[in-house]
Amino acid sequence: MRTDASSEHLPTSAPQAPVRVIASAQSWVEGEAVRQLEAMARLPGMKLAVGLPDLHPGKGAPVGAAFTSEGFLYPYLVGSDIGCGMGLWNVDLLARKAKPERWAGKLDLEGPWTGDTEGFLQEHGVKSSGYEAALGTVGGGNHFAELQRVDAVHDAKVFSALGLEADRLLLLVHSGSRGLGEAILRAHVDRHAAGGLADDSPEAQTYLTRHDHAVAWGRANRALVARRMLDGIGAMGQRVLDVCHNSVTPRRDTGRTQWLHRKGAAPSDEGPVVIPGSRGALSYLVIPTGESHVSAHSLAHGAGRKWTRTAARERMRERFTAESLTRTAFKSHVVCENKDLLFEEAPPAYKPIDRVVTDLVEAGLVRVVATLAPVLTYKTRARPE
């Protein structure tokens, strides 16, 4: 059974809801991504479909998008990695004392955590899921844990209010609910394919209960990834922010319940957000501004893919060796012992993050607080066969 059902199998008999793509003429947005956005706008009950500057094609539905609906909710638009998001930690180490080469040689976040997972979940107010063997692991794809240094501070007041200091390291963790979210989507697709659920149905309530659990579990997972990462470098850290970018949540702005689906879209109604570039680019700490309803209360969640994974593997193998991709233009180190993933996640496979953020600034949606440069990016270790 596949969970990536094509958008051609989605019911699209309703009139098209308004479609809004927030991207400048200088940004390249693939036509297929816009086509997918428009297809989703024709789903029953859909009220608005918004593409952010990192918009790119997904498996039937686009990534870097937000959708509001009424009367129906669509698990397919949330996808399999329910609760995926970004967490930022303030690290009690000076950036000048970073030892990325040494840390890269010894960090290992693979395999089950050897601590008390049940106790950890209880501490975070989260029920166990049956997927605790994956708790505290980064996962594949574009997930990562990255130590960063402050490149520049653009809004000292907000930066200071977050408890940040320009000379200290930060840790950014991008991960989600691992196999839990995938199992939830699979259960939905087995019964409903890519169709939606009437929001007053028992099936919708069952999905939402499981969805909320996965969101909470994903947040706890990021916290444990951070703990393992910090333990590995011998440091302490404090969480500054944590936002989810794959979810569906109720909103009552119009007096009636509407459902806000985010697929690779960060919230603009929960305070500061980090928008990361590729592992060879800056990340941007931003604060939302302006009229957030214009963007469906959402922001870009990253740079967005420019090439498919297959295309990236082919192009990058022609231009780079695997070894060369373990260092970046920032002289940062990359831990990624899966060679296919190393090529798929190469920096040129992503859109320029500065253009993505500039589009948001020019649209009046964010103000840049600081830029953060990579020091050490952890993706995966090779596991013995």
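Just so it is clear, the model here is predicted, and its values are computed rather than measured.
Taking the charged nitrogens against the carboxylate oxygens, R35 and E38 have no contact shorter than 4.0 Å, which rules out a salt bridge. A salt bridge does not link R315 with E344: every distance from a Lys NZ or Arg NE/NH1/NH2 to an Asp or Glu carboxylate oxygen is 4.0 Å or more.
Distance alone, capped at 3.5 Å, is enough to place a donor-acceptor pair between the N221 side chain and the G176 backbone. Side chain of T310 to main chain of T308: no donor-acceptor pair is present (N/O by atom type, distance under 3.5 Å, no hydrogens or angles). Panel note: side chain S247, backbone R262; no donor-acceptor pair is recorded below 3.5 Å. The backbone N or O of L73 sits nowhere less than 3.5 Å from a side-chain atom of H261 that would complete a donor-acceptor pair. A donor-acceptor pair under 3.5 Å is absent between the side-chain atoms of K263 and the main chain of Y76, judged by distance alone. A donor-acceptor distance shorter than 3.5 angstrom exists from the side chain of D81 to the backbone of S177, with no hydrogens or angles considered. Looking at S160, its side chain never comes within 3.5 Å of a backbone N or O of K157 through a donor-acceptor pair. For K379 (side chain) and G141 (main-chain N/O), a donor-acceptor pair under 3.5 Å exists by modelled atom type. Not a single donor-acceptor pair under 3.5 Å links the side chain of H301 to the backbone N or O of D54. S201 places no side-chain N or O within 3.5 Å of a backbone atom of L197 that could act as its donor or acceptor partner.
In this structure, V335 and W103 have side chains that are not in contact, with every pair of non-hydrogen atoms separated by 4.5 Å or more. Taking the side chain as every heavy atom from C-beta outward, E118 and S128 approach each other to under 4.5 Å. Between F159 and V150, the closest side-chain pair of non-hydrogen atoms falls below 4.5 Å.
For the residue pair W217 and S129, a side-chain donor N or O sits within less than 3.5 Å of a side-chain acceptor on the partner. A donor-acceptor pair shorter than 3.5 Å cannot be found between the side chains of R251 and T257.
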Apply side chain to side chain donor-acceptor pair (under 3.5 Å) to residues D359 and S27 and explain how you reach the verdict. CA-CA 8 Å; D359 283 0; S27 289; 2.4 Å; yes

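Exactly one residue among H143, R279, R305 makes a side-chain hydrogen bond (donor to acceptor under 3.5 Å, both in side chains) with E345. That residue is R305.
Taking the six-membered ring where the residue is Trp, the centroids of H245 and H174 are separated by under 6.0 Å. If you look at W113 and F120, their ring centroids are closer than 6.0 Å.
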